[in-house]
Amino acid sequence: MKFKTWFPLLLAVCGMGIMFFVFLNQSSPYVTIKEARNITDRHLHLAGDVLPGTFFHDLSLKQLKFQLRDSAQEVTDVVYEGQMPANLASVTKVVAIGSFEGNAFKSHQLLIKCPSKYESTSASEKARSL
Amino acid sequence: MDTVSFPLASKWSLLLGDLGKGFIFLAIVFYLLSAFCSISNTKKLFLSRIGGWFFFGGGISFFAAFGTLAILFATNQFQYAYVFAHSDVATELKYKIAAVWSGQEGSFLLWACASALFGILAIRSSGLYRKWFIFVYSIFLVTLAAILAYESPFNINFVHGKAFIPPTGLGLQPSLLNYWILIHPPTIFLGFGSLTVLYCWSLAALIHKDFDHWIPLVRPWAILSLVLLGLGLCMGGFWAYETLGWGGFWAWDPVENSSFVPWCFLAAFIHGIFVQQAKNRWQFWNLLFSGLPFIAFLYGTFLTRSGVLNEASVHSFAKMNRHALWILIGLMFSSLLGLFGLWVIRFKGFLKNQPPSVQPQKHFGLHREFAYQLAVILLLFFGIAAGIGMSVPLIKSLVGQKISIVEAGLYHKVMIWFFIPLMLGMGVGPFLSWKGISFKQFVLRFTNIFAFTIGILGIIIFLIKDPNNGFDLDPKGVIDFPFGFKAPLLPWMTFLMGICLFAFIANFYKIIENWKTRSSSLGGIIMHLGVILTLSGLILSKGFERSEKTYIQDGQAGLALGYWLRLQGISEDFFHRENKLLIEIVGKGKRFQARPGFYYFSKLNQEPEPVSWPYIDHHPFYDLYFSVGSPIYEASEPLTFKTGEEKFFGKTLVTYKGMTRKGEAGMLGTKFLAHVQVQTNNGIRHYHPNLEISSKGIQFNPVRVDENLILYLLRMDAKDQSATLQFFYIKPVYPLEVFYKPMTILVWTGSGLMVLGGLIAMVSRFKVRSPY
């Protein structure tokens, strides 16, 4: 194989290898509350259920506070400083992105599931329940 | 609700559903026959002709199924599960039609229709390749129809074996109720459908062992595909910007990436075509590049529809029907194996019988083929990077590790390595000849362009540093680089602006040159210009973005980014879909009214939910973007008091004196009163919020503390006599985030130029007659 052929291929393979390495190692992990307490990464993804009635807006600090229960049934306070979603009242599941500061999980981004054109017809169950 | 009181579905509506299912099965039959006829003894011309008719019939079957589904939506046939889940009686007709493609099943049907349409249009120019083109295309459409047979939008919700029609359905999600849902999905699915043409042509060429004559045939279709897919991508970004309220166009979400990756591969293929047509080289690579976009799209479809990314995206993906999923997986792997397997088999034979290239004069210096090579490599890397990024959750789960996702910041850190050389290449490439130019010629050629770039960049920096010119930059902004390195925002953005400006000026200069000669490459250069402007707009609007949060309330203004915001009222009523919050904006010499949308959406059997739309105040060089959050009624956290305890609520001192009961324990009408003393600057007052035992359970009886505050007793503890109190606002507080987003006009302009350039290029290529 000529140099002009194998060298670009080698570069391409190395490039892809580097990309794999970077993406896999520097991607932001989904963690439980217990795991999050021991990791200092600022982009941890903490998924869980919002405890009903715990939303509170601290207008002076421009923060939203609530309590979140993770898959291990542990509960933590979350302090969110990002943009306020419009449909907060109906939110039950969120992914808070951030890290622990003290006893609270400080979040700079909240992911709330949004509707997608690919939602399937599990609503047939709702229809049958009418 | 009692289903017995619902009317039974009419016979014609049930027949329609059966018809819809029947059309899907008919499509399977037609396409199987088409595939059979196409590879039968082609000396018998009538078989080939009939095969074409069967192919056409399959397409008509898909369109008929689509039409049937549209009728079911338009006539509110909520006995069908898919209609029930995505429509309701109050939805306007146009959104009912759009609801056809708003879900899993309907979007598969839209994909099938788009693919069938392009098959019908392209078949006429398939020439020598017709036999295998039709065969491969038909097999693909059979598979798609088989998916639809399992993932069917025509399933009825039978209750005790009967089809009752509920009075209404669940309706579309409110954020989908705007004009973008009418145009974005059809556009992008036309783009997806067009990828099938390229894949089938590639495979047909491989089977037919003719790797040259298909290129002029496929070229205009490839450009059309690029235009449609690119336009669809841009529409998705505009939709996100105008409705989602987070002020951005692009989030590197898997749904977005599953369209972006094929677009990158497609752009690589188009550049490869140039080399094959001019230099009679890259035949084999182009066969691969042509099929890659389709395979990338199949993979993206699998990722986004199978449910594997459910925890790793802001989009929620329902799981496909199990059989349909296995068919999709089978389609994906067989497409991949088919293309690569055939490609490898043909490779050896190709090397032996390689056609003579047009012998170039000796290259020296920089030459055009090198530029195209670089472009192809960079575009492929762009696509591969996005593909790897969106696959990380799947890879992690497959190797038994915790799921993680790639954030936007990490994408930017990786993509910048390809973005910079790509921009430089877009600027330099159009000026290179196939023969090549020496370094001296290069310097002479580009001296003017560099000079213009530096000059204009200097003027831009001068302008944007002065806030009086409408630019509002964050002087303390920093950019994060890999390995913890940080750089000040302005120098880094200046560098990126310089790169983009260089590419823009170079291509603009080239357009003027080509305009005079009416060169056929004019369309491509305009497309380059469009891409440059779009990317520049995305970089500038994000890089120089500023935002600030504030809160407004009736009678209480808020301040953000130097603007005072005062709530003036609402335009309709809170349950009207067109309702707007009327907010007066005053500041920086301006006074205007922002009208973000805000209303409450009532879902079946559920509490009303607030829905909001951002308001965008467009200016030539920037947008002011107002995003409304969920209204806030809670004025304090729940505060638990022991008897005699006092706490501050702001500057107000609240003392809980104790609890009394009026009435007998456990009897209806009995009240539990909290004695609360509230001390403000205006003096001391006493209040008695209480809980009452009513026939409907515990009734909360709050007290009004001032014109905008009420005090609730939330709970009492009979054991320790403690009480939990909470203050609420009577008039809600609206959180608002105000964004300053410079140069978003470039995104809109660039998108338009991309489409214009693509159409010019496509039309000129369609005019090239095929000899077949």
**Q** Using non-hydrogen atoms and a 4.5 Å limit, figure out which bit of Phe739(B) sits close to chain A: side chain, backbone, both or neither.
**A**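 For Phe739(B), the contact with chain A is made by the side chain alone.
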**Q** Considering only heavy atoms and a distance below 4.5 Å, find which of Gln79(B), Glu634(B), Lys402(B), Lys549(B) pairs most often with chain A.
**A**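 The answer is Lys549(B).
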**Q** Among the options Leu172(B), Ile388(B), Val392(B), pick out the one with the most heavy-atom pairs lying under 4.5 Å from chain A.
**A**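 Of Leu172(B), Ile388(B), Val392(B), Ile388(B) has the most heavy-atom pairs under 4.5 Å with chain A.
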**Q** Hey, do the aromatic rings of Tyr633(B) and Tyr729(B) have their centres closer than 6.0 Å?
**A**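 Ring-ring flag for Tyr633(B)/Tyr729(B): false, centres at least 6.0 Å apart.
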**Q** Go through Gln726(B), Glu407(B), Glu737(B) and name the one with the most non-hydrogen pairs under 4.5 angstrom from chain A.
**A**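 Heavy-atom pairs under 4.5 Å are most numerous for Glu407(B).
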**Q** With a 4.5 angstrom heavy-atom cut-off, is it the side chain or the backbone of Ala99(B) that approaches chain A, or both, or neither?
**A**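 For Ala99(B), there is no contact with chain A at all, as no heavy atom is under 4.5 Å.
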**Q** Which atoms of Glu548(B) are under 4.5 Å from chain A, going by heavy atoms: the side chain, the backbone, both sets, or neither?
**A**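 Contact with chain A involves the side chain of Glu548(B) alone.
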**Q** Under 6.0 Å from the CZ atom of Phe370(B), do we count more than 12 heavy atoms belonging to anything else shown?
**A**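 Count not over threshold, so no.
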**Q** Using atom types as modelled and distance alone, determine if a side-chain donor or acceptor of Thr32(A) lies under 3.5 Å from a backbone N or O of Glu35(A).
**A**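 Checking the backbone N and O of Glu35(A) against the side chain of Thr32(A), a donor-acceptor pair under 3.5 Å is found.
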**Q** With a 4.5 Å cut-off on heavy-atom pairs, point out which of Gly650(B), Pro174(B), Ser636(B), Ser627(B) contacts chain A the most.
**A**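 Most heavy-atom pairs within the cutoff with chain A belong to Ser636(B).
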**Q** For the pair Ser107(B) (side chain) and Gln104(B) (backbone), establish whether a donor and an acceptor sit closer than 3.5 Å, ignoring hydrogens and angles.
**A**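 Judged by distance alone, yes, a pair lies under 3.5 Å.
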**Q** Using non-hydrogen atoms and a 4.5 Å limit, figure out which bit of Glu637(B) sits close to chain A: side chain, backbone, both or neither.
**A**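 The answer is both parts of Glu637(B).
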**Q** Parallel, tilted or perpendicular: which describes the rings of His86(B) and Tyr82(B), with under 30° parallel and over 60° perpendicular?
**A**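 Rings of His86(B) and Tyr82(B): tilted, as their planes differ by 30° to 60°.
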**Q** What part of Phe56(A) is in contact with chain B, defined as an atom under 4.5 angstrom from a non-hydrogen atom: side chain, backbone, both or neither?
**A**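 Side chain only.
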**Q** Side chain, backbone, both or neither: which part of Val406(B) has a heavy atom under 4.5 Å from chain A?
**A**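 Both backbone and side chain of Val406(B) come within 4.5 Å of chain A.
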**Q** Picking from Ala635(B), Ala385(B), Pro153(B), Ser612(B), which has the most non-hydrogen pairs under 4.5 angstrom with chain A?
**A**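 Of Ala635(B), Ala385(B), Pro153(B), Ser612(B), Ala385(B) has the most heavy-atom pairs under 4.5 Å with chain A.
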**Q** Could you check whether the rings of Phe418(B) and Phe381(B) sit parallel, tilted or perpendicular, using 30° and 60° as the cut-offs?
**A**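 Plane angle under 30°, so parallel.
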**Q** Name the region of His43(A), side chain, backbone, both or neither, that has any atom closer than 4.5 Å to a heavy atom of chain B.
**A**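 Both parts, backbone and side chain.
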**Q** Select one option (side chain, backbone, both, neither) describing which atoms of Ile97(A) are under 4.5 Å from chain B's heavy atoms.
**A**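 For Ile97(A), the contact with chain B is made by the side chain alone.
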**Q** On a heavy-atom basis, which atom in Pro614(B) and which in Tyr625(B) lie closest, and how many Å separate them?
**A**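 Pro614(B) and Tyr625(B) have their closest heavy atoms at CG-OH, 3.4 Å.
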**Q** Run the ring-centre check on Phe66(A) versus Phe55(A) and record whether the distance is less than 6.0 Å.
**A**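 Yes - the distance between ring centres of Phe66(A) and Phe55(A) falls below the 6.0 Å cut-off.
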**Q** Does the ring center of Phe23(A) lie less than 6.0 Å from the ring center of Phe21(A)?
**A**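 Between Phe23(A) and Phe21(A), the centre distance exceeds or equals 6.0 Å.
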